[in-house]
Amino acid sequence: MFDLVHSPAVYQFHLLTPATELFGVVRSRLEGFVYEVDYVTQEGSPVIRIFGRTRDGSTFVALHRKFRPYIYCKPREDVDPDDLARRLVSAEVSERAHVTSASTVERSWLGKTIRVVRVDLDSPRNVRRARSFLESVPAVEDTYEKDILFKRRFIIDRCIHPLGLAVLEGQEAESDMHVDTALDDSDVVATSEVYTNPSELRVLAFDIEVASRAAPDATRDPVVMIGLADSSGTRILTYGTDGENLMDCGDERGMISTFVSTVQDGDYDLIVGYNSDSFDLPFLKKRASLNGVRLELGRDTSEVAYQPGSILGRSIIRGRMSIDLYPVVRRMVNLPSYTLSEVYKALFGEEKVELLPHEIHDLWSTKNPEALRRLGRYCASDVEATLRISREYLPTLVELSRQTKQLLSDVCRMGNSQMVEWLLVREAYRRGELVPNRPSEQEFHRRERETYVGGFVLEPKKGLLQDIVSLDFRSLYPAIIVTHNVDLSTIDCECCRGENVSPTGHHFCIKKRGFIPSILQALIDRRSQIKAEMAPMDPSSEPYKERDAMQRALKVLSNSFYGYMGYPRARWYSKECAESVAAWGRYYIQRAIEMAKQDGFEVVYSDTDSVFITREQSADALLDGAKQLLRRINEALPGVIELEFEDFYPRGFFVSKKRYALINRSGRIVTRGLEAVRRDWSPIAKETQRKVLETILRDGDPERAAQVVRDAIRRVAERRVSLDELVISTRMTKSIHSYEAEAPHVAVARRLASGGREVSRGEAIDYIVKRGGGKVGDRAKPVGQVSPEDYDAEYYIKSQILPPSMRILSSFGFKEEDLRYYKSRQRTLFEFG
DNA sequence: TACCAGAGGAG
DNA sequence: AAATCCTCTGGTA
């Protein structure tokens with residue numbers, strides 16, 4: 001159960017039992033869950049700090065002073081590694097490159113064993129300098145593992161499982177940190193895969209409210225409330241008023257101090273916010289400093305620190321875990337908008353208390369107790385929503401942390417490719433593999449240009465169809481990687497020519513298991529095991545939900561490997577591997593299509609890993625035939641590649657590739673790719689198309705569907721729609737200056753920007769098209785600048801409602817004129833109006 | 001009319 | 001800071 005880091009002794013674990021006495025020094029030992037790891041520099045030397053909580057609930061920090069950074073040097077081919085190692089420890093080199101020792105070690109590299117020089121360095125701050133020096137040494141071909149953060153290096157090398165148990169030994173010491181126990185000169189004695197129970201973590205959600213007339217500015221606008229929510233309830237810190245759950249802290253300074261003492265006294269393990277990395281925490285810190293107090297949230301008494309990033313920065317709370325749910329939610333669910341209230345509504349189907357930004361300012365300005373209580377209820381609802389969202393995602397995040405063996409605080413801020421990569425780095429260390437370098441910018445751009453062919457998409461049989469069975473391959477790409485052993489270390493091996501050949505012509509070793517396939521296999525196995533456990537459980541029970549969160553994490557990870565292989569910034573990048581996976585994918589789906597045809601099925605659509613089939617017969621006979629087909633196909637499929645029954649649809653409507661809608665027997669409509677599911681169409685256009693589809697699929701009544709469209713057109717023409725229904729929302733995917741073409745949303749953004757309103761990359765621009773001549777872009781206006789008589793009814797009819805509706809209705813013989821007999825009347829209205 | 005840039009979706 | 005495939009719009013020549 002335990003990875004014994006240092007010696008294979010068997011330990012009996014007791015909290016802080018004096019374990020050994022050596023030269024008069026009493027060493028204590030503790031067993032606890034590791035929550036956070038970081039390091040500080042003391043007298044020029046790095047000191048690793050391990051923060052966590054023991055099984056019986058007391059907090060600890062363990063300081064470790066021995067660990068030092070190192071990097072690897074690969075000698076040029078004509079250079080003897082031992083010779084290089086000797087030269088690298090010479091006085092001159094150790095002076096210039098801070099090398100403390102160098103020795104030859106064996107590592108494996110793409111399936112072969114090579115000898116490299118491990119160069120130990122004195123301090124993390126000198127790694128960069130040492131690296132450039134070493135790379136300038138002619139005998140050195142390249143350096144490796146130079147960009148692994150020091151704390152990650154420690155976690156990896158000491159086999160620490162974040163959130164898992166570790167046994168630590170050290171000297172009990174005095175400490176001014178907010179912990180029950182401090183160990184100095186500690187060592188990691190053993191680590192285990194026994195994990196903390198996420199429900200036992202002490203979680204605090206927080207949210208601030210700022211009173212401002214315009215965009216919040218920390219130098220000017222005060223924080224007026226801080227909402228806090230934990231398992232015991234909600235409290236709102238504020239000043240100048242109390243009552244309900246409001247707590248009067250005197251002034252802003254007192255409120256911030258109370259927040260700090262609440263965090264420290266509450267002994268929280270995990271601090272959760274929404275947009276807290278880039279908004280709440282930096283804002284609070286600025287306000288704290290203007291008020292002459294420190295935002296001292298760390299267990300080590302440090303202030304929150306902002307760490308700028310290439311896209312999103314990050315706020316650091318030392319010694320505690322922290323999650324900003326915003327990037328988490330963005331990664332986990334696809335939503336049109338990621339405001340807290342939209343996310344809350346999408347996840348839980350409930351509205352929370354809403355206020356517009358200026359209303360916060362207005363309510364606060366009144367100083368009226370009832371207004372302030374209303375503001376308090378808004379603040380409470382924000383922070384409670386934050387806590388609830390954290391409960392929703394924490395189990396999945398914990399599983400991702402377990403699987404990648406990275407700190408929870410880091411995992412929540414990682415993209416999928418980073419999670420895969422750190423999992424691979426960790427596994428590489430365990431197996432003695434040298435970690436490949438990240439590509440240079442130049443290499444990255446070269447890789448970017450090197451494209452390959454992806455999935456197969458069959459042109460659908462268009463129009464309304466009946467009785468369709470959908471079949472899909474279970475996790476096709478992961479299954480291919482595992483079954484065909486697709487990996488950098490197995491591609492085109494010498495030993496297996498002509499065997500296991502992909503349609504790209506590359507073959508993959510069948511004798512030696514590949515690096516990525518073996519790791520992926522473990523993830524898939526664990527997921528199957530969890531799903532098997534879930535099978536007999538009640539889906540509404542807690543154990544089921546926990547496992548569901550875990551299997552979701554495993555699915556996310558497994559599905560990311562293929563994308564990772566083809567990702568130009570990946571360390572283990574291989575276009576050939578990604579290409580081979582996709583090629584095998586096309587091969588298997590096309591074979592499934594062929595076999596379906598052999599059985600007399602008509603294949604009406606197929607995309608990458610799914611096939612939609614039908615046959616002129618009763619639904620029962622069709623389903624029966626589909627099951628037989630499945631059996632026949634699966635008998636022919638190798639390894640873990642498996643085709644599954646997905647669903648049966650009495651009706652379906654196919655518009656084009658990737659655009660269709662289906663209804664299953666329980667009446668659930670699935671819509672793919674059509675305007676109804678796109679963010680960048682107006683609600684009136686989407687809603688009308690949705691109703692048309694529903695009327696066709698559920699009722700099978702095209703005439704009534706046409707009437708739906710006529711009604712919508714009429715409402716627009718007669719100006720009986722609310723402006724909300726006309727808002728078109730498009731995201732700025734680039735910075736405002738880098739656009740070549742001036743699409744409507746870009747035109748709106750440019751006008752906003754010239755009016756002094758900052759428009760950032762990733763922001764959605766909401767606009768309504770006004771009446772008048774010229775380009776749509778010239779007439780597109782921000783929502784506030786349009787009144788009901790201003791909108792361009794003709795644009796909304798012709799360009800928003802009709803195209804999506806006609807895509808469906810044209811196949812039933814309807815013409816535009818059949819749907820918009822208002823056209824002529826409307827024109828007259830315009831002429832005389 | 002033909003083409004391109006850009007957006008957002010599917011799997 | 002995961003891949004490719006695909007449709008559609010508005011702007012421009």
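Naming: A, B, ... by sequence-line order, numbering from 1 per chain. Side chains included, hydrogens not; waters and symmetry mates left out as well; all remaining heavy atoms used.
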Under 4.0 Å between a side-chain N/O of A:Lys734 and OP1 or OP2 of B:dG6, yes or no?
yes
Its contact letters, B for base, S for sugar-phosphate only and - for none at protein heavy atoms under 4.0 Å, make nucleotides 8-13 of chain C read SSSSS-
- Would you indicate what A:Tyr660 reaches in the nucleic acid, counting non-hydrogen atoms under 4.0 angstrom: base, sugar-phosphate, or nothing? sugar-phosphate
Within residues 436-456 of chain A, the residues having a heavy atom closer than 4.0 Å to DNA chain C are A:Tyr452, A:Val453, A:Gly454, A:Gly455
From NZ of A:Lys575 across to P of C:dT4 the rounded distance in Å is 10 Å
When rounded to whole Å, the CE to C1' distance for the pair A:Met565 and C:dA2 reads 12 Å
Base of C:dA1 paired with side chain of A:Arg569 (donor-acceptor, under 3.5 Å):
yes
Per atom distances to the A:Tyr739 side chain, the nearest of B:dG6, B:dG9, C:dA2 is B:dG6
Item to complete: For ring pair (Phe, Tyr, Trp, His ring centres under 6.0 Å), just list the numbers for A:Tyr660 and A:Phe612, CA-CA rounded to whole Å, side-chain angles, deciding distance to a tenth of an Å, and then say yes or no.
Response: CA-CA 12 Å; A:Tyr660 59 89; A:Phe612 295 79; 5.5 Å; yes
Residue pairs meeting side chain to side chain donor-acceptor pair (under 3.5 Å), one or both in residues 648-657 of chain A, sequence neighbours left out, come to A:Glu646-A:Tyr649
Next on the checklist: Tell me whether the side-chain N/O atoms of A:Lys657 come closer than 4.0 Å to OP1 or OP2 in C:dC6.
Outcome noted: yes
_Pair A:Asp766, A:Ser729 - check side chain to side chain donor-acceptor pair (under 3.5 Å), show working._
CA-CA 4 Å; A:Asp766 291 353; A:Ser729 180; 2.8 Å; yes
Of C:dA2, B:dA10, C:dT7, the nucleotide closest to the side chain of A:Glu459 is C:dT7
Of the candidates C:dA2, B:dG6, C:dC5, the side chain of A:Tyr567 sits closest to C:dA2
Rounded to whole Å, the NE2-P distance (A:His745 to B:dG8) equals 7 Å
Exercise. Please work out whether the ring planes of A:Tyr605 and A:Phe654 are parallel, tilted or perpendicular, with thresholds of 30° and 60°.
Key: tilted
Item checked: Sidechain-backbone polar pair: A:Ser606 side chain, A:Val611 backbone, donor-acceptor under 3.5 Å -> no
**Prompt:** Is the A:Phe508 ring parallel, tilted or perpendicular to the A:Trp584 ring (thresholds 30°, 60°)?
**Reply:** tilted
Checking C:dC5, B:dG8, B:dA5 against the side chain of A:Val457 (C-beta onward), the nearest is C:dC5
Margin query: Using a 3.5 Å distance criterion without hydrogens, assess whether the side chain of A:Arg659 forms a donor-acceptor pair with backbone atoms of A:Gly673.
Written below: yes
- [ ] Under 4.0 Å between any heavy atoms, over every strand shown, what does A:Val677 touch: base, sugar-phosphate, or nothing? Just pick one.
- [x] sugar-phosphate
